[in-house]
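Only one structure is covered here, and it is reproduced in the block below.
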2 protein chains.
Amino acid sequence: MAMAKHAEPRTESRVPLTKERVLHGAVRLADQRGIGALTMRNLAQELGVEAMSLYYHVANKEELMAGTVDVVVDEINLVVSEVDTSSVGTDWKRVVRQRILAARDVLLGHPWAPDVIESHAAMSPSVLRYFNALSGLLRQGGLSVDLVHHALHALGSRALGFTHELFAPEPDAEEEADPGVMMEQMADEYPYLTEIVAHASHNGERTLGWCDDQEEFEFGLDLLLDGLERRNATM
Amino acid sequence: MAMAKHAEPRTESRVPLTKERVLHGAVRLADQRGIGALTMRNLAQELGVEAMSLYYHVANKEELMAGTVDVVVDEINLVVSEVDTSSVGTDWKRVVRQRILAARDVLLGHPWAPDVIESHAAMSPSVLRYFNALSGLLRQGGLSVDLVHHALHALGSRALGFTHELFAPEPDAEEEADPGVMMEQMADEYPYLTEIVAHASHNGERTLGWCDDQEEFEFGLDLLLDGLERRNATM
DNA sequence: ACCTGAACACCGTTCAAGT
DNA sequence: ACCTGAACACCGTTCAAGT
């Protein structure tokens with residue numbers, strides 16, 4: 001009993017943790033089990049370590065969250081860097097549009113990321129890199145510094161490929177009521193919204209898995225890009 | 001000792017709680033001490049009651065948060081209802097713009113509200129009322145049902161008077177570094193952003209207290225409204 | 001009908017200690 | 001250098017009980 005060293009619980013990974021492995025583990029955990037499951041204790045377990053060990057590699061949970069933003073947005077930076085930008089001088093709108101939709105595709109693999117980006121983008125180097133590159137393309141397209149500045153604000157998170165939809169269903173919401181009955185109740189109080197819902201082929205077809213609709217995203221994006229083009233022409 | 005009934009701890013409010021008083025207390029607490037201070041225990045103390053008493057009036061914290069959204073957005077609904085809409089048939093853009101800026105003014109008094117709205121708007125009756133009324137104005141302005149639908153998505157939270165700025169400073173962030181030094185460091189890595197910051201009269205003057213800039217808000221809003229007007233003309 | 005006390009499960013985090 | 005165990009302060013919440 002005294003001699004019997006406890007066997008290695010896992011024959012695998014005895015490589016020490018690094019900040020990078022911690023952050024990628026956090027992203028994987030959020031991808032697989034949702035952002036709610038990303039706790040220090042869960043993440044430690046996922047990495048085969050005790051919760052307190054994480055604090056050797058990351059100052060606190062805020063830094064962990066900020067780190068996951070950088071992991072995801074660096075993935076975006078990589079993907080958008082492969083978009084051909086040689087025509088940006090004459091056709092900036094198409095190039096920018098293509099990059100933004102490519103960014104959006106990356107986010108589809110990390111449906112939790114938009115919320116975390118919104119709350120932790122402020123000082124993220126990867127987000128700064130993204131917007132710096134976007135600004136460069138707009139400048140090369142001929143927009144003034146002022147107009148580029150306005151453009152960044154006007155696009156906001158849409159530049160990164162997502163919008164925060166106000167009426168998105170909860171990720172694990174129960175279907176509780178007969179939609180037909182609900183529509184009738186709605187018709188009295190919200191006639192104009194009812195009219196829209198009734199008229200829309202909106203539910204189902206081109207709706208993506210998370211709280212954002214591809215067609216509506218592109219409509220809003222084009223509205224803004226067209227508007228910027230117009231402002232650029234008259235300035 | 002046995003006879004001495006304990007004195008009334010407060011000579012004031014012996015009115016029983018109601019859901020309304022709970023929700024308004026929650027809004028007041030968030031206004032005064034920030035959304036982070038809005039815990040069941042803090043709120044109970046604010047209301048002179050034990051934490052568990054709140055659960056008699058509100059099912060759980062989610063319902064509490066959803067309730068604060070309705071309090072704030074009902075305040076918005078009241079304010080925007082006072083905007084003159086008689087000219088909406090010929091001048092919908094001005095009317096809608098005015099209403100949205102009025103909504104924005106209400107939110108300035110509740111800087112915590114935008115985040116809570118974004119996370120709890122989904123099934124809020126007051127938010128539905130707001131967007132229903134907005135839809136009605138756009139319809140009266142001559143927009144098709146389809147275009148109104150697109151407009152709601154394209155405007156998103158901007159219709160309620162706010163945008164979630166990605167680069168907003170943390171509410172209680174420390175000023176940690178000399179901005180001059182930071183600018184130099186930035187210049188190498190983010191030349192285009194540096195160009196913008198250097199060129200902008202952006203910091204200070206018309207920036208509002210919270211994470212949203214009035215001038216940029218109006219620029220983005222007009223970009224979208226102008227675009228909708230144009231789409232309406234060509235449809 | 002309205003409120004309470006004690007307890008539970010779960011957080012993030014500190015600290016002194018282990019190898 | 002890297003990891004751990006025990007403990008703390010603070011959450012939201014359940015439940016049985018009080019008036």
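Order of the sequence lines sets the chain letters (A, B, ...), proteins ahead of strands, with each chain counted from 1.
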Residues forming a side chain to side chain donor-acceptor pair (under 3.5 Å) with A:Glu20, sequence neighbours excluded: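 A:Glu20 satisfies side chain to side chain donor-acceptor pair (under 3.5 Å) with no residue once adjacent residues are dropped.
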Set of residues satisfying side chain to side chain donor-acceptor pair (under 3.5 Å) with respect to A:Ser126, sequence neighbours excluded: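 In terms of side chain to side chain donor-acceptor pair (under 3.5 Å), with neighbours along the sequence ignored, A:Ser126 is linked to A:Asp70, A:Ser124.
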Any [X] side-chain N or O less than 4.0 Å from OP1/OP2 of [N]:
| X | N | answer |
| --- | --- | --- |
| B:Tyr56 | C:dC2 | yes |
| B:His57 | C:dC3 | yes |
| B:Ser53 | C:dT4 | yes |

Least distance between heavy atoms, A:Arg158 atom then A:Phe217 atom: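 Closest heavy-atom pair between A:Arg158 and A:Phe217: CG-CE1, 3.3 Å.
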Contact state string [nucleotides 5-19 of chain C, B base, S sugar-phosphate only, - no protein heavy atom under 4.0 Å]: BB----BBBB-----
All pairs passing salt bridge (charged side-chain N to carboxylate O under 4.0 Å, His left out) where residues 47-56 of chain A contributes a residue, at least two apart: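 Listed by first then second residue: nothing to list.
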Parallel, tilted or perpendicular: ring planes of B:Phe167 versus A:Phe131, cut at 30 and 60 degrees: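 The arrangement is perpendicular - the two ring planes meet at more than 60°.
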For residues 32-45 of chain A, which side-chain donor-acceptor pairs fall under 3.5 Å, sequence neighbours excluded?
{"unit_1": "A:Thr39", "atom_1": "OG1", "unit_2": "A:Asn42", "atom_2": "N", "d": "3.0"}
{"unit_1": "A:Asn42", "atom_1": "ND2", "unit_2": "A:Ala37", "atom_2": "O", "d": "2.8"}

Protein-nucleotide distance (A:Leu17, atom CG; D:dT4, atom C1'), rounded to Å: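 Taking CG of A:Leu17 and C1' of D:dT4, I get 13 Å after rounding.
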Test log, rule side-chain contact (heavy atoms from CB on, under 4.5 Å), inputs B:Glu218 and B:Arg97: CA-CA 9 Å; B:Glu218 294 189 19; B:Arg97 187 190 142 95; 3.0 Å; yes
Exercise: do A:His110 and A:Glu75 side chains pair donor with acceptor under 3.5 Å: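 Note: A:His110 and A:Glu75 side chains meet the donor-acceptor criterion.
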Base-paired stems that DNA chain C participates in, counting runs of 3 or more Watson-Crick or G-U pairs under 3.5 Å: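 C:4-8 with D:12-16, C:12-16 with D:4-8 - these are the stems of 3 or more pairs that involve DNA chain C.
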